[in-house]
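Single-structure report; data block below.
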Amino acid sequence: MPIQPTSKIWHNGNLIPWDKAQIHVMSHVVHYGSSVFEGIRCYAQPQGAAVFRLPEHMQRLIDSAKIYRMTLPYSLDQLSSAVVELIEANGIAPCYVRPIALRGYGEVGVNPKNSPIEVYIANYPWGKYVAGDDGADVCISSWNRLAPNTMPSLAKAGANYMNSQLIRMEADINGYAEGIALDVNGYLSEGSGENLFIVRNGVIYTTPLANSVLAGITRDSVLTLARHLGLSVVEQALPRELLYIADEVFFTGTAAEVTPIRSVDRIPVADGNPGPITKQLADEFFGIANGLKPDRFGWLTPVNVSVEQTVSV
C-alpha cells in the first residue's frame, strides 16, 4: 500500500520536512539491518483523537534497542511526547505512527559501535492491513520463525522482518492474504506481522513468547480484555493441526488490529464466518480504541487534532 506523505517528520528532537528525512546509502542500517522500530495507531474519537497504548509501544522500542545495545538518547516521556507533537503538527488522524531508531553513517563493518544512533518518527494515513472483509484466507508457511538464541524475537528489529518478508511474499504468491509460521520445533508461532489466537470449545488459546513470538501490544490488550470479560485464556505451545479443527481463529496486531481468519490451507475455520468470541473481543477493542466505550485500562493518550470522519466500531 503506497505511503501518503505528510508535512513533518520528527528527527532527533526536531520537526523536519518529510522530504528532508534522508540517510546516506553507506549508513550502517542499510547494510546490516541495524534498526528497531514500532507501529502505533492513533484512532478517531467522538471528541478528537487518541493514540492507543503509546507508553507501552515506546517502552518496547526502548527495550528492543537495549537488546541490540543501542543506547537511545531520549527517555520514555520524551519519545511519547514526540509522537503527540508530531501528530498535532501534521494534523492527521486517524493515522499510523512509525518510530524508528537506527544506526547511521559512521563506519563500514559489522561492529556498529562508532555508528551514530538516529531516531525518526513519521505518521501517515493507513487503513486495513490484512485483506478480507469477512475474514482472511491464510496458509502455513514453509518458512519457520527465528530459532531461539539466533535473533531475539522479543526485539522488534528491522533485520527480523527479513524472515517476515519471506513468509508474506510466499503467501501472496500462492494466493493467500497472510502466512502463519511454525517455530523451530514445529509448533505454531505467529503470522509475518501478527500474533495468533485460536478458540476451541469456548477456550481462547495463544502461543507463548517462548515460541518465537513478538510480545504484541494488541496481543496483550486482547488477553486483558478476554480475562476482564471472564473468558478462559490459555497460553501454551500449540500444534499446527489445531488450526484445522478450531471453532475460531484470529490475528492481532497494531496493523492487523483484530482480524478474523476464514480459512487455513484452504480448510474453512468452522463455517467460515467470524465467530462470537472474535466478534466480542473485536467489539471491545474497537469500542475502546474509538472512544465509544470507557477507557477502563487507561490505554488512550489524547491528541489535539480535529477529526472529520464519523467514528464507528
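Here the structure is a predicted model, which is why all the values come from computation and not from measurement.
Taking the six-membered ring for Trp and the full ring otherwise, F251 and F197 have centroids separated by 6.0 Å or more. Between W10 and Y74, the ring center distance clears the sub-6.0 Å criterion. Centroid-to-centroid, the aromatic rings of F52 and H57 stay 6.0 Å apart or farther.
Remark: the E88 side chain and the N304 side chain contain no N/O donor-acceptor pair separated by less than 3.5 Å. Under 3.5 Å, the side chains of T207 and E235 contain no donor-acceptor pair of N or O atoms. Side-chain contact annotation: N163 with R145, donor-acceptor N/O pair under 3.5 Å present. Checked by atom type, the side-chain pair S221/R53 shows a donor-acceptor distance below 3.5 Å. Neither side chain, S115 nor E107, offers a donor N or O lying under 3.5 Å from an acceptor on the other. Side chains of N290 and Q45: a donor-acceptor N/O pair is absent below 3.5 angstrom, by distance only. No side-chain N or O of Y96 forms a donor-acceptor pair with one of Q4 less than 3.5 Å apart. Side chains of D137 and S263: a donor on one and an acceptor on the other come within 3.5 Å.
Side chain of T150 to main chain of L146: no donor-acceptor pair is present (N/O by atom type, distance under 3.5 Å, no hydrogens or angles). Within the 3.5 Å criterion, the main-chain N or O of E38 finds a donor-acceptor partner in the side chain of R98. Not one N or O on the side chain of S141 forms a donor-acceptor pair closer than 3.5 Å with the backbone of G179. Side-chain atoms of R219 do not come within 3.5 Å of backbone N or O of E194 as any donor-acceptor pair.
Rounded to the nearest 0.5 Å, atoms CG (L209) and OG1 (T206) are 9.0 Å apart. Interatomic distance, CD of Q78 versus CG of L72, reported as 11.0 Å (0.5 Å rounding). Distance check, rounded to the nearest 0.5 Å: CD of E178 to OG of S192 gives 3.0 Å. One distance of note links CD1 of I9 with CG of D19; it measures 8.5 Å at 0.5 Å rounding. With rounding to the nearest 0.5 Å, the separation of NZ in K156 from CG in L214 is 5.5 Å.
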Determine, step by step, whether T252 and E257 satisfy the side chain to side chain donor-acceptor pair (under 3.5 Å) criterion, reporting the C-alpha distance in whole Å, the side-chain angles of both residues, the deciding distance to 0.1 Å, and the verdict.
CA-CA 5 Å; T252 65; E257 300 171 299; over 6 Å; no

Quick one: do Y120 and I23 satisfy side-chain contact (heavy atoms from CB on, under 4.5 Å)? Show the steps, please.
CA-CA 11 Å; Y120 291 86; I23 62 173; 3.7 Å; yes

Please report the C-alpha distance between I40 and L54 in whole Å, then the side-chain angles of each, then the deciding distance to 0.1 Å, and finally whether the side-chain contact (heavy atoms from CB on, under 4.5 Å) criterion is met.
CA-CA 7 Å; I40 309 171; L54 176 57; 4.0 Å; yes

Going through the distances and angles, do H28 and Y105 end up as a ring pair (Phe, Tyr, Trp, His ring centres under 6.0 Å)?
CA-CA 6 Å; H28 196 273; Y105 182 87; over 10 Å; no

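V83 and I117 fall within the same hydrophobic cluster, defined by Ile, Leu, Val, Met, Phe, Trp and Tyr side-chain heavy atoms under 4.5 Å apart, directly or through other members.
A cation-pi arrangement is found for R266 relative to Y176, the charged atom lying closer than 6.0 Å to the ring centre and inside a 45° cone about the ring normal.
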